[in-house]
Amino acid sequence: MAERKTLDERQQMSEAMRIRHSCAHVLATAILKLWPEAQLAYGPAVEDGYYYDLDLKHRITPDDFPKIEAEMKKITKENLVFEKVTVTREQALRDAETGRLGALTERPEPSRFKLENVRSIPEGEAITYFKSGDFLDLCAGPHVMRTGNVGAFKLTSVASAYYKGDEKNPQLQRIYGVAFKNRTQLDEWLKMQEEAKRRDHRKLGAEMGLYALDAEYVGPGLPLWLPNGTAIIEELETLAKQTEFQAGYVRVKTPHIAREKMYVTSGHLPYYAESMFPPMELRAEGELQARINKVKASFAGKDEAVAKHFAPFLDLLKECKSPEDFPTVLDKVIGGISAEERQLFDNAARTRFIGEMFLAGSEPDRYYLKAMNCPHHHRIFAAEPRSYRNMPLRLAEYGCCYRYEQSGELFGLMRVRALNMNDSHIYCSPEQFAQEFNAVNEMYLKYFKIFGIEKYVMRFSTHSKEGLGKKYVDQADLWVKTEEMVRRVLKESGINYEEVPNEAAFYGPKIDVQVYSVIGREFTLATNQVDFAVPGRFGLVYRDKDNSDKTPLCIHRAPLGTHERFVGFLIEHYAGNFPLWLAPEQVRVLPITQEQIAYCEEIVKELRGQYVRASLEFSNDKLQGRIKRAEEAKAHTMLIVGGRDQAANAVSVRVHGKGDLGSKPRAEVIADILAAIRERRA
RNA sequence: GCCGGGAUAGCUCAACGGUAGAGCACCUGAUUUGUAAUCAGGCGGUUGUCGGUUCAAAUCCGAUUCCCGGCUCCA
């Protein structure tokens with residue numbers, strides 16, 4: 001996602017950014033030449049290109065790109081000067097009203113987005129245009145000197161975007177493009193795009209047999225972990241369990257569903273309902289019989305004879321499994337009695353019965369698939385009396401949660417509807433908070449080192465006053481207090497962080513860890529949140545030194561995020577070439593001829609005895625072909641065994657991507673493999 | 001959820017109103033091989049699904065599902 005530019009970045013906009021932004025103007029000019037009536041909105045430079053949002057009756061498709069690019073080419077050839085013009089507010093308003101702004105000439109219609117933009121510029125701030133040829137645009141700049149400085153460009157895609165990014169606003173057409181100083185840089189970019197496609201976790205995930213999506217039978221966004229992917233997941237879980245064990249966490253296990261009361265109490269239903277799967281409705285066992293008895297009793301008081309007569313029929317209603325069944329079953333009951341009786345029944349019983357069943361209304365018991373583990377953990381906290389002596393209490397679970405993400409948001413493994421979270425909730429006192437929070441941050445850093453994640457930002461999300469009572473729990477003083485607590489820890493620990501207002505969780509401030517995959521995708525990989533609200537809603541307390549009950553603070557943390565997103569990230573991070581400890585296929589043993597099969601089987605047995613994912617491969621293919629296939633499968637270590645190796649009790653080692661490493665003593669090779677796995681060597 | 005585009009064999013693609021085809025993968029046989037493709041044969045598709053137009057539909061039209069690029073939202 002495009003990040004908010006800091007003031008610093010804006011002031012010293014790089015040449016690349018100036019080229020991109022200038023190219024947006026070139027694009028706008030070209031569009032106006034083809035469709036003079038186009039209403040331009042915004043055209044900023046972004047991460048590796050630029051876009052321009054516009055409203056236009058004609059639907060621009062990639063088929064229009066060559067035409068637009070040809071116009072753009074003409075404009076860069078003309079080498080027009082980008083001329084900065086400062087105007088008065090009155091002048092700007094006039095130009096917007098005559099359609100001149102964001103256009104090549106005056107037009108019958110006002111330039112409505114530009115008009116709004118002018119109006120939104122604070123009083124007293126300078127208003128500037130940039131003019132290149134006939135094109136006049138409201139713009140703060142900066143630009144390159146001339147259109148010719150945009151050396152190479154390409155339109156990449158067309159999409160729609162909500163005006164001002166608000167879902168309630170109409171959608172505009174957004175045309176994306178890239179721009180560079182010269183052709184060489186554009187070619188480099190194109191090459192990188194190819195590389196990105198190759199490393200895409202969706203492509204590699206399928207090729208390597210890591211996961212499958214089966215929308216037809218399982219459902220969109222519900223990944224099936226194949227054996228190879230599961231191997232990775234289990235390594236990650238082992239890492240988490242070991243790390244957490246050493247850090248004093250205790251493991252718990254909770255069900256995937258909970259009753260409605262859980263989420264009413266937690267506050268998730270009001271704040272989070274849209275992201276949850278709709279509930280399952282159950283009727284309590286015995287409830288139906290109770291209702292039937294009640295109906296019978298109501299008869300007894302009034303029409304005793306009738307009640308007695310119809311009692312056996314009413315019992316048939318027990319067949320009902322849900323309210324929808326009542327009419328059918330009722331018809332069946334009526335079918336079994338005579339016409340006169342039916343009249344009687346209708347008058348005396350049916351209406352009353354239906355009234356009882358439907359109008360009195362029975363609230364079914366609702367169960368929700370959990371979208372988060374915290375409420376379950378809160379109930380574990382509540383399950384036993386707690387004392388300050390055993391705080392902090394760190395409950396950990398790789399919990400599987402379900403979130404009803406909007407269909408358009410699903411994205412491979414990165415955005416799914418079933419997710420396994422590296423979750424934990426730390427219950428502590430305010431005095432313990434800083435130390436606990438710090439320890440969590442340190443755990444993050446420890447993990448990042450193991451995975452070689454070097455580029456990351458901790459994004460500290462805080463609340464907004466306007467959101468109180470809507471997006472956020474309405475406890476202003478606690479927000480301020482907790483945020484200050486977090487800010488202090490972050491500052492003191494010297495971690496690289498940025499603060500973003502109005503992005504907090506509904507129950508407290510949070511820190512999202514933003515990482516960047518090699519192919520340029522940015523993700524929130526992990527999250528660390530403070531919850532000062534929900535423990536109180538559940539009435540969670542611990543007995544303090546002074547013999548009074550206190551409500552604990554809760555830290556939610558998930559340094560490894562979810563298996564889904566983390567593995568998705570790792571696939572792209574390693575381009576599928578996992579380090580030995582993570583590689584789904586760690587060792588593939590290849591006998592050159594049948595003569596070595598027995599010897600190879602021994603090696604495989606020895607490795608598997610040490611829990612190494614090793615297997616033997618002997619097929620009709622030539623060795624070269626088998627090596628090619630092993631390389632393509634990204635088997636980490638290949639042990640190639642011919643007669644010479646066997647005679648010397650050796651193996652020839654070949655490591656994926658590194659080629660032939662030569663023949664080495666078998667014991668040495670196996671010892672090294674075991675050490676590399678144990679140390680989680682990169 | 002919204003806008004736009006797409007869906008042909010497990011994968012990559014061809015056929016673009018007239019009998020669905022190739023390579024790889026898979027299976028069988030031969031070959032027993034020293035570091036990224038041995039040879040031969042075979043299996044495999046109601047062209048995402050449903051409906052329409054037509055003598056005839058993978059191909060044209062409509063709906064729907066899913067996927068892709070964005071937007072919005074998020075771990």
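Convention: sequence-line order gives letters A, B, ...; per-chain numbering from 1.
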What's the closest nucleotide to the A/Glu405 side chain, out of B/rC67, B/rC73, B/rG1?
B/rC73
So what does A/Arg403 touch, heavy atoms closer than 4.0 Å: a base, only the sugar-phosphate, or nothing?
base
Inspect the surroundings of NZ in A/Lys197 and state if more than 12 heavy atoms from other residues, nucleotides or ligands are less than 6.0 Å away.
no
Examine A/Tyr456 together with A/Phe448 and report whether their ring centres are nearer than 6.0 Å.
yes
In A/Arg629, A/Glu617, A/Arg654, the residue satisfying side chain to side chain contact (heavy atoms under 4.5 Å, CB included) with A/Leu590 is A/Glu617
Are OP1 or OP2 of B/rA75 and a side-chain N or O of A/Arg557 less than 4.0 angstrom apart?
no
Selection from B/rC66, B/rC2, B/rU35 that lies nearest to any side-chain heavy atom of A/Pro220:
B/rC66
Is the cationic atom of A/Arg417 (NZ for Lys, CZ for Arg) positioned less than 6.0 Å from the six-membered ring centroid of A/Tyr404 and within 45 degrees of its normal?
yes
Aromatic ring proximity, centroids under 6.0 angstrom, A/Phe451 and A/Phe566:
yes
Expressed as a whole number of Å, how far does the C1' atom of B/rG48 sit from that of B/rA9?
14 Å
P-based separation of B/rC73 from B/rU46 [nearest Å]:
43 Å
Centres of the A/His201 and A/Phe569 rings: under 6.0 Å?
no
Measure from the side-chain heavy atoms of A/Ile640 and tell me the nearest of B/rA37, B/rG34, B/rU35.
B/rU35
Minimum-distance nucleotide to A/Glu632 side chain [options: B/rC71, B/rA75, B/rA37]
B/rA37
Can you tell which of B/rC74, B/rC2, B/rG34 lies closest to the side chain of A/Arg565?
B/rC74
Picking from B/rA75, B/rC3, B/rU35, the nucleotide nearest the side-chain atoms of A/Arg59 would be B/rC3
What N/O pairs connect the protein and nucleotides 29-33 of chain B at under 3.5 Å? Give each pair on its own line.
residue	atom	partner	partner atom	Å
B/rU31	O4	A/Asn620	OD1	2.4
B/rU31	O4	A/Asn620	ND2	3.1
B/rU32	O4	A/Gln594	NE2	3.3
B/rU33	O4	A/Asn620	O	3.2

Among the nucleotides B/rC74, B/rC71, B/rA37, whichever has the atom closest to the side chain of A/Tyr176 is B/rC71
When the C1' atoms of B/rU54 and B/rC13 are considered, how many whole Å apart are they?
29 Å
Could you work out the separation of B/rU65 and B/rU49 based on their P atoms and round it to a whole Å?
15 Å
Inter-nucleotide P distance (B/rG70, B/rA15), Å rounded:
28 Å
Closest to side chain of A/Phe411, choosing from B/rC66, B/rG69, B/rG34
B/rG69
Between B/rC68 and B/rA36, how far apart are the two P atoms, rounded to whole Å?
35 Å
Find out whether the Lys NZ or Arg CZ of A/Arg20 is both under 6.0 angstrom from the six-membered ring centre of A/Tyr50 and within 45° of the ring's axis.
no
Minimum heavy-atom separation for A/Glu397 and A/His377, please, with both atom names.
OE1-NE2, 2.7 Å
Integer angstrom distance from the C1' of B/rC39 to that of B/rG51:
49 Å
Of the options B/rC73, B/rC68, B/rG34, whose atoms approach the side-chain atoms of A/Ser652 most closely?
B/rG34
Using atom C1' of each nucleotide, how far apart are B/rA40 and B/rU31 to the nearest Å?
11 Å
